[in-house]
J.: 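The following block contains the structure, expressed as structure tokens.
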Amino acid sequence: PGRGAPAVPAGSPHRWGHDVSQSPGFLEAAREADLAPLVALERRCFSHPWSEQGFRGAMEDGQNLVLVLRAADSRAIVAYGVFQLVADELHIHDLAVAPEQRGHGWGRRLLSLALGVAARRGARTAHLEVRESNWPALGLYRSAGFVTVGVRRGYYESPPEDALVLAKEGLGEPLET
């Protein structure tokens with residue numbers, strides 16, 4: 001697909017099994033019906049959450065891809081991410097896993113799939129910001145080959161905190177699961 005076409009069309013899920021996480025699941029592009037569950041989960045995961053308008057705008061922008069991972073049994077959203085491809089760079093704007101689903105490989109799987117989609121669309125690097133105190137996220141990103149390339153002082157509010165700027169080169173390499 002071209003850069004404006006969805007990599008994962010809504011309604012045609014990509015399925016994987018027990019080798020990736022403790023529960024099988026589906027990857028899909030987010031749909032209008034996902035807005036309320038995304039906002040609710042975002043509020044559970046972050047102290048300064050995205051609004052419904054922010055998610056809607058990301059879903060409508062052709063450069064963005066809003067992906068959801070669904071549990072196969074309940075179809076509930078267990079993880080999601082907002083990704084933007086600009087030229088040869090992937091910007092990871094948002095990535096979260098439901099608190100009760102953490103530690104099952106959902107975040108790693110979502111990150112791996114997003115990096116793969118971006119690489120197939122021509123991205124060579126990925127960038128993101130993360131709270132310096134978010135050790136679980138830092139562990140995930142560092143294990144995926146991201147390195148700290150800068151600091152944004154006072155980037156976060158509620159509570160105030162610096163952001164670490166991370167980058168990864170060579171997106172075509174698969175992550176170990």
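Just so we're clear, the structure is a prediction, and the values are computed from it rather than from any experiment.
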J.: Do you reckon Leu164 sits in the same ILVMFWY cluster as Val147, going by side-chain contacts under 4.5 Å, direct or chained?
T.: no

J.: Please answer: with hydrophobic residues joined when any side-chain heavy atoms are less than 4.5 Å apart, are Leu128 and Val82 in the same cluster?
T.: no

J.: In the structure I gave you, are the side-chain heavy atoms of Arg102 and Pro136 within less than 4.5 Å of one another anywhere?
T.: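 Sidechains of Pro136 and Arg102: no contact.
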
J.: Taking only residues two or more places apart in sequence, or in another chain, which ones meet Ser51 in a side chain to side chain donor-acceptor pair (under 3.5 Å)?
T.: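 So Ser51 forms no side chain to side chain donor-acceptor pair (under 3.5 Å) with any residue.
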
J.: Which is it for Leu140 and Arg108 under the side chain to side chain contact (heavy atoms under 4.5 Å, CB included) test, yes or no, and what are the steps along the way?
T.: CA-CA 7 Å; Leu140 169 65; Arg108 174 171 298 284; 3.8 Å; yes

J.: For the residue pair Leu90 and Ala114, what are the closest heavy atoms and their distance?
T.: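 Scanning both residues completely, I find the closest heavy atoms to be CD2-O, 4.2 Å.
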
J.: Under 6.0 Å from the CD atom of Glu100, do we count more than 12 heavy atoms belonging to anything else shown?
T.: yes

J.: Do Val149 and Tyr155 sit in one hydrophobic cluster, given that two such residues count as connected whenever their side-chain heavy atoms are within less than 4.5 Å of each other, even indirectly?
T.: no

J.: Which heavy-atom pair separates Ala30 from Leu38 by the least distance, and what is that distance?
T.: CB-CD1, 4.1 Å

J.: I'd like to check Leu85 versus Leu65 (side-chain heavy atoms, cut-off strictly below 4.5 Å). Are they in contact?
T.: no

J.: Is any side-chain heavy atom of Leu95 closer than 4.5 Å to a side-chain heavy atom of Leu111?
T.: yes

J.: CG/Leu27 to CG/Leu113 distance, rounded to the nearest 0.5 angstrom?
T.: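 The CG atom of Leu27 sits 5.5 Å away from the CG atom of Leu113.
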
J.: So, Arg120 side chain and Gly116 main chain: donor-acceptor pair closer than 3.5 Å or not?
T.: yes

J.: Find the distance between CZ (Arg121) and CD (Gln63) and round it off to the nearest 0.5 Å.
T.: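 If we round to the nearest 0.5 Å, Arg121:CZ and Gln63:CD are 10.5 Å apart.
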
J.: Do Val39 and Val68 belong to the same hydrophobic cluster, where Ile, Leu, Val, Met, Phe, Trp and Tyr are linked whenever their side-chain heavy atoms lie under 4.5 Å apart, directly or via other members?
T.: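 The answer is yes; both residues are in one hydrophobic cluster.
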
J.: When the ring planes of Trp50 and Phe55 are compared, do they come out parallel, tilted or perpendicular, using 30° and 60° as the limits?
T.: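 Aromatic pair Trp50/Phe55 classed tilted.
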
J.: Assess the residue pair Phe83 and Leu115 against the criterion (side chain to side chain contact (heavy atoms under 4.5 Å, CB included)); give the C-alpha distance rounded to whole Å, side-chain angles, the decisive distance to 0.1 Å, and a yes or no.
T.: CA-CA 9 Å; Phe83 310 94; Leu115 293 174; over 6 Å; no

J.: Do Cys45 and Asp94 have side chains that get closer than 4.5 Å, going by heavy atoms?
T.: no

J.: Does some side-chain heavy atom of Leu166 sit less than 4.5 Å from a side-chain heavy atom of Ile92?
T.: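 Answer no - side chains too far apart.
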
J.: Report the C-alpha separation of Thr125 and Leu171 in whole Å, then their side-chain angles, then the decisive distance to 0.1 Å, and conclude whether the side chain to side chain contact (heavy atoms under 4.5 Å, CB included) test is met.
T.: CA-CA 6 Å; Thr125 62; Leu171 298 191; 5.7 Å; no

J.: Counting distance only, does the side-chain N/O of Lys168 pair as donor-acceptor with the main-chain N or O of Ala144 below 3.5 Å?
T.: yes

J.: Any salt bridge between Asp34 and Arg70, counting N to O under 4.0 Å?
T.: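 Between Arg70 and Asp34 there is a salt bridge, with a charged N closer than 4.0 Å to a carboxylate O.
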
J.: Please give me the minimum heavy-atom distance between Arg131 and Glu157, naming the atom from each residue.
T.: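 So the two residues come closest at NH2-O, 2.7 Å.
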
J.: Listed by chain and number, what are the side chain to side chain donor-acceptor pair (under 3.5 Å) partners of Glu42, not counting sequence neighbours?
T.: Tyr80

J.: Calculate, to the nearest 0.5 Å, the distance between atoms CD and CD belonging to Gln53 and Glu60 respectively.
T.: 9.5 Å

J.: Does the pair Glu28 and Leu67 meet the rule for a side chain to side chain contact (heavy atoms under 4.5 Å, CB included), with working shown?
T.: CA-CA 6 Å; Glu28 295 181 315; Leu67 296 176; over 6 Å; no

J.: So, the side chain of Asp162 versus the backbone of Gly154: is there a donor-acceptor pair under 3.5 Å, distance only?
T.: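 The answer is yes, because a donor-acceptor pair under 3.5 Å joins these two groups.
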
J.: Has Gln101 got a side-chain atom pairing as donor or acceptor with Trp106's backbone, closer than 3.5 angstrom?
T.: no

J.: Does this structure show an ion pair linking Glu169 with Arg124, if we count only N-O contacts that are shorter than 4.0 Å?
T.: no

J.: Is it true that Arg152 and Glu129 have a side-chain N and a carboxylate O under 4.0 angstrom from each other?
T.: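 Glu129 and Arg152: salt-bridged.
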
J.: If we only count heavy atoms from C-beta on, is the Glu161 to Ser47 side-chain gap below 4.5 Å?
T.: no

J.: Linking I/L/V/M/F/W/Y whenever any side-chain heavy atoms sit under 4.5 Å apart, do Leu35 and Phe46 land together?
T.: yes

J.: Might you point out which heavy atoms bring Leu138 and Glu132 nearest each other, and give the distance in Å?
T.: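 Closest heavy-atom pair between Leu138 and Glu132: CD1-O, 3.5 Å.
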
J.: Which heavy atom of Pro99 sits nearest a heavy atom of Leu41, and at what distance?
T.: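 Pro99 and Leu41 have their closest heavy atoms at CD-CD1, 4.1 Å.
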
J.: If you look at every heavy atom in Arg142 and Thr148, which pair is closest and at what distance?
T.: NH2-OG1, 3.1 Å

